[in-house]
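Below is one structure; the comments refer to it alone.
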Amino acid sequence: MSLQLLHKFLIALLLLGSLNMTHGQEGSLSKSSQKIAVDVLLEKAEKAVQNANYDEANRLINSATEIAKDSTIHAKAQMVRISYYINTKQLQTAREAIEMVTPYLQKTSTNYAELLLLETQLFIHSDLIVEAETALSMAQVILIQKPNSSLSLTQKLRRAELDIKIQNYDSAQKSLLDLLPTLLNNRQFYSAAKAQLDLSNLLFINGELPASRDFLTQSIMLSEKYNFNFLLKNSYLTYSQLLKKEGDFENSITYLEKFTALNETKNSSLQITAIALELDKLKKSNEALEVSNLLKTEELKGRDTSYILLCVFITLLSLLTLSLFKNNKLRAKSNHVLEDKNSALIEERDRAQDAAKIKADFLSTITHELRTPLYAVTGLTHLLLDTKPRNDQKEHLETLQSSGEYLLSLIDNILDFNKLEANKVELEAIPFDLNKRINDICLSLKGQSKDQNNKLHIQYDNDIPTRLQGDPVKVSQILINLIGNAIKFTSDGDIYVRANKVDNTSNKCLVHFEVEDNGKGISHEKQQAIFENFTQEGSSTTREYGGTGLGLAIVKNLVNLMGGDVKLDSKIGRGSRFSFEIWFELPDSNKFFNENHFPSIPNKRSKTNTITDTYDVTKDPEPEIIITSPVVSDKKTRKQEISKEDVISSKPATPSELSNKLILIVEDNKINQMITRKILEAKHFTCEVANNGDEAIQAAKSKKYDLILMDIHMPITDGKEATKEIRKFDREIPIIALTAVTLSESEKDFYEIGFDDIIPKPFKMEEFFEKIQNAFTNYEIL
Ligand code: ADP
């Protein structure tokens with residue numbers, strides 16, 4: 001140790017000396033001192049190279065080069081530098097350095113041999129095998145001439161190295177095995193460690209793993225001891241492979257890690273670059289990741305928003321569904337309740353309808369049943385009155401007759417009202433003469449009017465077309481009720497019946513009707529109420545005038561049915577005026593009537609030039625004239641269209657003429673048969689009776705009758721069926737229906753079947769004979 005310290009001390013002195021020399025005392029260091037100093041520095045530099053401490057090695061070599069002024073010593077320093085370049089893989093620099101040094105060395109000198117060995121090493125590393133062989137051989141020649149044990153060992157190591165390179169493993173292995181003891185003995189530990197490593201590799205290649213492991217262990221021991229880091233690193237790698245081969249993976253990894261650790265130390269800058277690159281990559285991937293994360297976050301946010309919206313939507317939908325469900329349930333429940341109520345109401349309605357129908361049918365039957373005895377009462381009273389009774393008897397008979405007629409009108413009213421209420425009334429559209437209708441009504445009410453000492457005035461506008469199309473039965477019924485009331489509630493007064501045209505189109509005409517009286521009048525308070533069912537002005541009215549309070553209700557309903565409205569203008573004590581307007585269609589037949597100027601009402605009251613005619617019925621000197629006046633019926637009007645001579649030539653019929661007229665009475669009821677026959681026979685007609693429709697057909701076939709009076713409601717074959725049959729073989733014989741045409745029946749139907757006229761049953765005598773007279777167009781029945 002003390003020798004070593006002394007040695008170091010000397011080196012330090014030399015170094016100081018060499019530094020001083022460089023600062024002005026150039027060439028003052030002797031050649032031997034230079035050689036010692038350079039040898040020390042180079043020896044240290046070689047160790048630094050072996051320890052892979054290349055910076056230190058470079059610094060020491062530079063110092064040695066600066067000191068070495070002698071060319072030989074400088075060359076030696078340069079050779080250490082070349083060795084340094086080769087070990088640090090600076091091959092090109094090493095080549096340049098060799099070329100620079102070569103001129104300064106003698107080609108037979110050991111220094112040159114040493115340079116050739118370096119060159120051999122360079123060629124092996126540069127894969128220049130031939131050049132390496134050449135350089136090695138040349139070195140060998142020199143060393144044979146100038147033996148040098150250290151260089152000879154180096155030369156043999158280079159040979160082994162070249163053998164390995166050219167895969168001459170056996171030779172290399174043999175050489176190294178030979179060299180190893182000598183190297184160890186000479187304390188050339190770096191070369192020994194390298195030889196051991198190479199041997200280990202060669203044995204590994206040969207599959208001699210235990211031997212390989214032995215050499216490797218030795219190599220590692222030496223390398224660790226002397227810090228031959230380059231060799232140690234390679235030894236670790238070989239050892240790792242060896243352990244892996246032996247199946248000791250755990251230790252293989254440990255040695256691989258050791259190799260990596262040394263490798264990292266050595267290539268720290270590269271590693272840093274690699275790590276930097278890696279880091280960069282990572283950063284980039286991080287950025288990418290961040291971007292994708294951001295996108296994902298956004299997407300997630302979007303998804304979140306969508307999710308929230310979806311949740312809200314689903315919640316709302318659920319709530320909606322729930323409320324709908326509840327609503328539906330409630331609705332279903334209320335629907336159920338409503339359905340129940342509906343079906344209950346339908347049941348009620350059906351029941352009510354059934355009840356109404358039963359009521360209507362009942363009333364119809366009752367009225368029909370009542371009519372027959374009433375017919376007997378009124379008919380027989382009429383017959384009795386014709387038998388010139390005593391005055392007191394006559395008074396009773398007249399009361400009996402008016403009571404019977406009152407009962408009949410009451411029954412009619414109830415029946416009509418019943419029909420109206422049951423909505424069974426339908427409007428007809430048949431051509432009729434309004435003027436004639438009004439006159440007929442007035443004629444039929446003339447008696448009543450006279451009883452009250454009233455004057456009945458008709459004011460008819462001749463601008464109204466002769467023929468109107470509508471429902472004459474209903475118009476008549478309205479007027480009968482209004483005129484009847486006017487007569488009833490007026491005494492010693494005037495009743496005006498007016499019909500005026502207020503508007504017309506090419507096929508329609510609006511007629512304004514008025515029934516005015518100057519009777520007792522109606523109080524303002526009661527004016528609306530009297531149109532209600534069963535309403536009269538006061539209880540005293542019933543006592544004084546009778547009545548049911550149905551008449552005006554029927555009027556109102558019928559006028560409304562025809563599209564009009566009843567107006568009332570009345571003052572107590574001053575009288576009343578009922579008015580309404582109805583549109584009528586105009587039938588084509590008007591053309592014919594208007595062109596031929598046929599009078600549609602009796603001549604005696606026609607003032608065709610004036611717009612309004614006034615016909616004072618009561619001024620007629622003979623009351624009977626009303627019956628006998630040539631009032632033109634629908635039937636007659638139709639005949640007029642054929643021959644106006646019939647009207648012009650009409651004259652009173654003599655009893656003998658009438659006795660020649662054979663009338664067939666078709667009637668199932670014995671009382672009715674008897675009464676009708678007696679009434680007709682009283683007028684000198686000859687009568688026969690058929691008890692039903694079949695008998696009537698047979699009679700009509702077997703005998704020629706002048707007239708058939710046909711009852712409608714009969715068992716087996718009724719009046720309609722019988723008439724149809726008779727019309728099949730006799731189209732000429734006049735057939736008059738004896739029936740009450742109710743509001744629900746159609747007059748038109750009767751005419752279509754083949755009836756010539758209708759006499760309402762129970763008939764009023766005036767009307768009865770008027771109709772019969774019309775059947776015998778040439779006669780007046782007096
Ligand atoms: P009825 O005549 O059967 O009582 P209406 O319905 O025809 O039934 O008449 C109802 C009431 O209106 C009558 O009772 C009467 O008080 C009143 N009335 C109807 N027409 C007249 C009139 N022209 N003058 C005075 N009062 C009338």
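As the structure lists them, so they are numbered: ligands from 1, and atoms in each ligand from 1. Source: prediction; values computed, not measured.
With a 4.0 Å heavy-atom cut-off, ligand 1 is reached by no atom of N481. In L552, the parts holding a heavy atom less than 4.0 Å from any atom of ligand 1 are both the side chain and the backbone.
Not counting sequence neighbours, the partners of L384 by the side chain to side chain contact (heavy atoms under 4.5 Å, CB included) test are T387, L397. Partners of D569 by side chain to side chain contact (heavy atoms under 4.5 Å, CB included), not counting sequence neighbours, listed by chain and number: R577.
When N518, L445, N485, N454 are each tested for a side-chain contact (heavy atoms from CB on, under 4.5 Å) with I495, only one passes: N454.
No side-chain donor-acceptor contact under 3.5 Å links S491 to the backbone of Q452. At distances below 3.5 Å, not a single donor-acceptor pair connects side-chain atoms of D718 with backbone N or O atoms of M714.
Atoms of ligand 1 lying under 4.0 Å from any heavy atom of L550, numbered from 1 in the order shown and given with element: 6 (O), 8 (O). In summary, the atoms of ligand 1 found under 4.0 Å from a heavy atom of G551, numbered by their order in the structure, are 5 (P), 6 (O), 7 (O), 8 (O).
A distance of 10.5 Å separates CD in E398 from OG1 in T381, rounded to the nearest 0.5 Å.
By the 4.0 Å heavy-atom criterion, G519 is excluded from the residues contacting ligand 1. Proximity of K488 to ligand 1 is established by a heavy-atom distance of less than 4.0 Å.
Annotation: K520 places no N or O atom under 3.5 Å from an N or O atom of ligand 1; distance criterion only.
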